[in-house]
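Residues take their numbers from the sequence shown, with the count starting at 1. Both ligands and their constituent atoms are indexed starting at 1 by order of listing.
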Amino acid sequence: MTHAVVKEAWEKVQAELERTIGEQNFHLYLKNTLIVQLNPDIAEIGVPNLTIADFVEDRFANDIMASIERVQGYRPATLKFSINGHLFRRLRERERANRDERPVDPAPEAPRTTPRREPIPRRRLNAQVFNLNPRYRLDNFVVGPSNKLAFNCAVEVATRPGRTYNPMFIYGGCGLGKTHLLQGIANALLQRHENLHTLYVSAEYFVNQYVQALTSNAIEQFRARFRNLDVLIVDDIHFLRGKEKSQEELLHTLAALETQGKQIVLASDLHPKELEEFKQSLQSRFVQGMVAQLNTPQFDTRLALIKSKLGPHRERFPDGVVSFLAEKLDCNIRELEGYLTQLSALAAMTGDKLSLPLVQQALTDFLAHRRRLVELSDIENVVIAHFGVTSEQLHGRVRKRNIAIARQVCMYLARQLTQHSLKEIGRFFGGKNHTTVVFAEQKITSAIEEDPELKATVNRLSRQLNAPETA
Ligand code: ADP
Ligand code: MG
């Protein structure tokens, strides 16, 4: 095909897309694109920048493929987005024009300094630092009634470890800031109390290390590592469900640390007493110090969160838009961040401030796609914790009954709570083909009818994922 023919075909596809995704979506996201290649092997679409490429791919890949199929009679094997210099420059010029229309900021420009990196103390350039996300700090944690208690305790622990709240146990649903707080404590300690030996790990890591130590006859080294610490922080404690030996080991680890007055910080998605298949002695230990809950934030906190999360994009979001968002986005914070990212991409695309009607429309659209925001890996995590299987087993081919059921529940939840295709779900859960996923979904759907216990389990897992109940 000559390029003229390709262009003509693309125009037809665009017209089709405008019909299927709606005029407004089309103008915002797909009008400023061009076709690079179009044939049964590949459809390559030029877009202005990477943000837009990711965004359009994420939201409209299926619609694009379907429109091509309707117009051309085939579905290209690959869909690719490439950055087009011309579109890039055009967008930048439009942004610049918009910026010039704004009043000039009278404040003198701040002197330019090269951003200084926080020096990492030499001694800390080891295993303790690598697993911490430097973005998770106490000073950028937004505080409100939903998390105040947990935050204040975290600050206290980071200032005077081992003194007041020991152990400190934080619990709350998915995406409400547990990991942020825990790593915030660790980051603060590593900066302020450089001489203290601080270790942050996930419960899964603890278990894996323990099992590895057992099989390689290195239990002494394992214990030396986890018991000679000043601060031990263990995330996602719910992962230990049903893992008796690991629970036992953790219990002894905590006891050893506590008798030396060392600080322990733990987090889980449920209150210690609600953790099922946990040793009672471990549960009692969890509640001996301070237990603090993280809740879903209310309006004022959401407002503060949004302002803080927008960072440099803030200028594209008028106050009216920000309060509209704070009112509507009554979800967990991870989800809120997801919407803000999408809206920032939208703002980058239009090259202008976002108007309220535009945001209202976009949000209706996002909320319709809401299910997508549960990640397959989140599903995997809760299922692993619940069924007491390992990630390897889940992704493997073993057909043992409890593993097979765990795998099917994963696929079922993925079908109910995400918009991933059968193919993607199959690929994620161990390279199964799509018929396996269809089968799993049917199997669990009918099993739920007959088995109230399974039904309760599936609903509980949905709640843990902060999603509506499915069964
Ligand atoms: P959890 O571990 O409870 O599932 P995370 O700590 O991973 O949740 O938080 C999800 C996202 O929300 C992270 O990007 C985190 O930075 C952000 N977040 C959660 N609570 C706050 C808060 N109070 N202030 C700022 N960011 C927050
Ligand atoms: Mg977490």
Side-chain angles (χ1 to χ4, degrees), residues 131-155 157-158 168-188 200-207 233-241 265-272 274-275 291-314 322 325-326 329-344 373-385 391 417 461-467:
N131 60 355
L132 290 180
N133 184 338
R135 275 200 319 119
Y136 292 160
R137 298 190 316 269
L138 295 179
D139 63 32
N140 64 4
F141 191 81
V142 175
V143 187
S146 56
N147 57 27
K148 194 167 179 160
L149 177 65
F151 175 78
N152 288 343
C153 297
V155 171
V157 163
M168 163 165 173
F169 194 103
I170 298 176
Y171 75 100
C174 186
L176 293 181
K178 300 182 296 292
T179 298
H180 188 134
L181 269 186
L182 258 51
Q183 295 205 9
I185 296 174
N187 279 320
Y200 165 93
V201 293
S202 65
E204 181 176 15
Y205 180 85
F206 181 87
V207 171
I233 305 176
V234 187
D235 204 348
D236 294 329
I237 284 291
H238 46 266
F239 179 82
L240 290 168
R241 177 182 175 140
V265 185
L266 308 161
S268 154
D269 60 5
L270 293 168
H271 185 278
E274 290 174 329
L275 290 167
V291 179
Q293 185 177 9
L294 290 177
N295 289 296
T296 315
Q298 298 299 305
F299 176 81
D300 287 339
T301 314
R302 297 202 295 265
L303 198 64
L305 270 163
I306 293 171
K307 288 182 179 164
S308 148
K309 296 287 169 192
L310 284 176
H313 296 286
R314 174 71 177 90
V322 172
L325 290 173
L329 296 179
D330 55 351
C331 49
N332 79 48
I333 298 151
R334 185 178 305 153
E335 197 171 333
L336 186 140
E337 284 181 337
Y339 292 126
L340 294 180
T341 308
Q342 298 193 48
L343 286 168
S344 302
L373 288 160
V374 174
E375 302 282 345
L376 293 176
S377 54
D378 289 333
I379 294 180
E380 174 177 339
N381 283 338
V382 295
V383 170
I384 285 179
S391 172
L417 304 177
L461 294 173
S462 299
R463 282 200 307 279
Q464 267 178 275
L465 290 161
N466 253 339

Nearest-neighbour protein heavy atom for [atom], which is reported as residue plus atom name and distance:
atom	answer
atom 12 (O) of ligand 1	Ile333 CG2, 3.3 Å
atom 4 (O) of ligand 1	Gly175 N, 2.7 Å
atom 21 (C) of ligand 1	Phe141 CE1, 3.6 Å
atom 6 (O) of ligand 1	His180 N, 2.7 Å
atom 24 (N) of ligand 1	Val142 N, 2.8 Å
atom 11 (C) of ligand 1	Glu337 OE1, 3.4 Å
atom 8 (O) of ligand 1	Gly177 N, 3.1 Å
atom 26 (N) of ligand 1	Lys309 NZ, 2.7 Å

Worksheet item: So, does Asn332 use its side chain to make a donor-acceptor pair with the main chain of Cys174 at under 3.5 Å?
Response: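 Yes; at least one donor-acceptor contact below 3.5 Å.
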Is it the side chain, the backbone, both or neither of [X] that has a heavy atom closer than 4.0 Å to ligand 1?
X	result
Leu305	side chain
Val143	neither
Tyr136	side chain
Leu176	backbone

Are any of the heavy atoms in [X] under 4.0 Å away from ligand 1?
X	value
Gln183	no
Gly173	yes
Gly172	no
Asn140	yes

Fill in: Atoms in ligand 1 flagged as close to Cys174, the criterion being non-hydrogen separation under 4.0 Å
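Answer for ligand 1: 4 (O).
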Worksheet entry | ligand 1 atoms in contact with Asn147 (distance to a heavy atom under 4.0 Å) |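 Matching atoms, with element in brackets: 23 (N).
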Item to complete: Could you tell me whether the side chains of His238 and Asn381 share a donor-acceptor contact shorter than 3.5 Å?
Response: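 Checked: His238/Asn381 side chains show no N/O donor-acceptor pair below 3.5 Å.
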Item to complete: For a side-chain contact (heavy atoms from CB on, under 4.5 Å) with Ile170, tell me which candidate from Asn147, Leu266, Leu181 qualifies.
Response: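 Among the candidates, only Leu181 passes.
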Item to complete: Could you tell me whether Glu274 atom CD has more than 12 heavy atoms of other residues or ligands within 6.0 Å of it?
Response: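 Enclosed: over 12 neighbouring heavy atoms sit under 6.0 Å from CD of Glu274.
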